[in-house]
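I have placed the structure first, in the form of structure tokens, so that the comments after it can refer back to it.
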Amino acid sequence: MSSELGEPTMAGVYDGLLGGIANFDPDRRLLTEVGRLSSAPARLARENRAFLGRATRFCLAEGVRQFLDIGCGAPRDDSVFALVRDRGCRTVCVDVDPEVVAHTTLAVEGMDGVTAVEADCRRADAVLGAARGLDFTAPVAVLMVSVLQFVRDADDPRGVVTAYCSRLAPGSLLVLSHPSADTDPVLHAVAAVWPGGPTLRTRQEVAALLPPGEPVAPGLVPVPSWPHGDCPATRYPYYAAVVRC
């Protein structure tokens, strides 16, 4: 989220793409500029959000009852903590944006087993240390949905993912999605107008971010086709996977 006088933020822009109201003038100005270039980002944001819901329900079906939602974004009715509510789950919502954390803290007030933490996803030790509501001797679902494109290559995104998965108990799951460079030039133009915006990676580069483990079928696929695998796996603007750590 962002202030009226600040720069657009990840959470505010994403919320705006989803049609939410947790965004401010800097976010809206960027969204207007993006909209002039392409309508694809809004569609991809909706598809990515739908993947988040399907993946969360998959984790529940696998018996996982602990969720570490990294880059949780502005609280919504379809946030992870809302999807797993009343299922006896523990959820830790993590975001680097203090406004997001403040709003999430208010949204989850009175909910058992839900906390919000301000932390940088690149600092795995700090995030895991702050996630005191979770028992890391039992399975945990770590969700990094639409997050790693904001981790620059210089910050070693593969190492970030590995740092989390190396600390997880057997039966844990990593949920990941990432926008791709395997597409027409318009999304590159969109990324270029976003100050500090996403790093687009090829499908091969996204695949290289996945940790050692067993990918859940159908593997790394376009977000609309997980888990069905009914969409071509090449030259799509957004990929997703779930991996057993």
Side-chain angles (χ1 to χ4, degrees), residues 10 48 51-52 54-73 80-81 83-84 89-97 101 113-180 198-199 201-221 223 226-227 238-245:
M10 295 177 278
N48 183 65
F51 160 72
L52 172 66
R54 294 194 301 274
T56 299
R57 289 188 287 273
F58 172 83
C59 293
L60 286 170
E62 289 288 296
V64 176
R65 292 297 181 267
Q66 300 189 107
F67 293 82
L68 181 60
D69 185 11
I70 298 175
C72 60
V80 171
F81 71 82
L83 295 175
V84 305
C89 295
R90 301 176 186 175
T91 307
V92 175
C93 308
V94 179
D95 208 285
V96 71
D97 188 329
V101 175
V114 187
T115 57
V117 172
E118 180 185 343
D120 187 329
C121 72
R122 296 171 297 177
R123 310 289 181 252
D125 286 344
V127 172
L128 295 172
R132 296 185 180 91
L134 302 182
D135 174 10
F136 288 100
T137 67
V140 177
V142 175
L143 299 107
M144 305 185 79
V145 174
S146 200
V147 168
L148 290 174
Q149 68 266 30
F150 296 102
V151 178
R152 305 302 184 198
D153 291 340
D155 290 318
D156 187 16
R158 164 70 185 227
V160 170
V161 173
T162 301
Y164 286 100
C165 290
S166 66
R167 298 274 296 275
L168 300 179
S172 295
L173 296 162
L174 171 76
V175 178
L176 177 149
S177 70
H178 196 301
S180 172
T199 297
R201 296 182 170 100
T202 66
R203 182 179 185 278
Q204 184 176 4
E205 289 169 334
V206 175
L209 302 180
L210 299 180
E214 177 192 352
V216 173
L220 184 67
V221 294
V223 287
W226 195 95
Y238 232 108
Y239 293 104
V242 177
V243 179
R244 300 184 191 278
C245 297

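We find the SG-CG distance between C121 and L148 to be 6.5 Å, quoted to the nearest 0.5 Å. In this structure, T199 OG1 and H178 NE2 are separated by 7.0 Å, a value rounded to the nearest 0.5 Å. Note that CG of L52 and CG of N48 are 7.5 Å apart. Values are rounded to the nearest 0.5 Å. For the atom pair CG of L128 and CG of L134, the computed distance is 9.0 Å after rounding to the nearest 0.5 Å. Here the CG-SG distance, from L68 to C93, works out to 9.0 Å after rounding to the nearest 0.5 Å. Going from atom OG1 of T162 over to atom CG of D156 covers 7.5 Å, rounded to the nearest 0.5 Å.
Closest non-hydrogen pair, A141 versus C59, comes out as CB-SG, 3.8 Å. Across every non-hydrogen atom of C245 and C165, the tightest pair is SG-SG, 3.0 Å. Nearest heavy atoms, S180 versus R203: OG-N, 3.9 Å. Of all the heavy atoms in R158 and P212, the pair that sits closest is NH2-CD, 3.5 Å. Of all non-hydrogen atoms in A241 and L210, the two that sit nearest each other are CB-CD2, 4.1 Å. Nearest heavy atoms, R152 versus P157: O-CD, 3.4 Å.
In this structure the side chain of F81 never reaches within 4.5 angstrom of the side chain of D69, judged on heavy atoms. The side-chain heavy atoms of L173 and R244, taken from C-beta on, include a pair separated by under 4.5 Å.
The only option from T115, V127, L143 that meets the side-chain contact (heavy atoms from CB on, under 4.5 Å) definition with V94 turns out to be V127. The only option from V92, T91, D135 that meets the side-chain contact (heavy atoms from CB on, under 4.5 Å) definition with Q66 turns out to be D135. For the side-chain contact (heavy atoms from CB on, under 4.5 Å) test with T56, the passing option among V80, V64, V175, V145 is V80; the others fail.
Between the Q149 side chain and the V147 main chain, a donor and an acceptor come within less than 3.5 Å of each other. For D120 (side chain) and V96 (main-chain N/O), no donor-acceptor pair under 3.5 Å exists by modelled atom type.
Between D125 and R167 there is a salt bridge, since at least one side-chain N of the basic residue sits less than 4.0 Å from a carboxylate O of the acidic one. Looking at R201 and D153, a side-chain N of the basic residue comes within less than 4.0 Å of a carboxylate O on the acidic one, giving a salt bridge.
Listed by chain and residue number, F51, S177, V223 satisfy the side chain to side chain contact (heavy atoms under 4.5 Å, CB included) test with A240 (two or more places apart in sequence, or in another chain). Applying the side chain to side chain contact (heavy atoms under 4.5 Å, CB included) test to E118 and every residue at least two apart in sequence or in another chain returns P98, V101. When the side chain to side chain contact (heavy atoms under 4.5 Å, CB included) test is applied to R65, the partners found at least two apart in sequence or on another chain are L60, R87, C89. S166 is linked by a side chain to side chain contact (heavy atoms under 4.5 Å, CB included) to nothing, counting only residues two or more places apart in sequence or in another chain.
Note on residues 151-171: no pairs pass ring pair (Phe, Tyr, Trp, His ring centres under 6.0 Å), not counting sequence neighbours. Judged as a ring pair (Phe, Tyr, Trp, His ring centres under 6.0 Å), the pairs with a partner in residues 117-161 (not counting sequence neighbours) are, in order, F150-W194.
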Could you go through the side chain to side chain contact (heavy atoms under 4.5 Å, CB included) check for M144 and V160 one step at a time? CA-CA 11 Å; M144 305 185 79; V160 170; 4.2 Å; yes
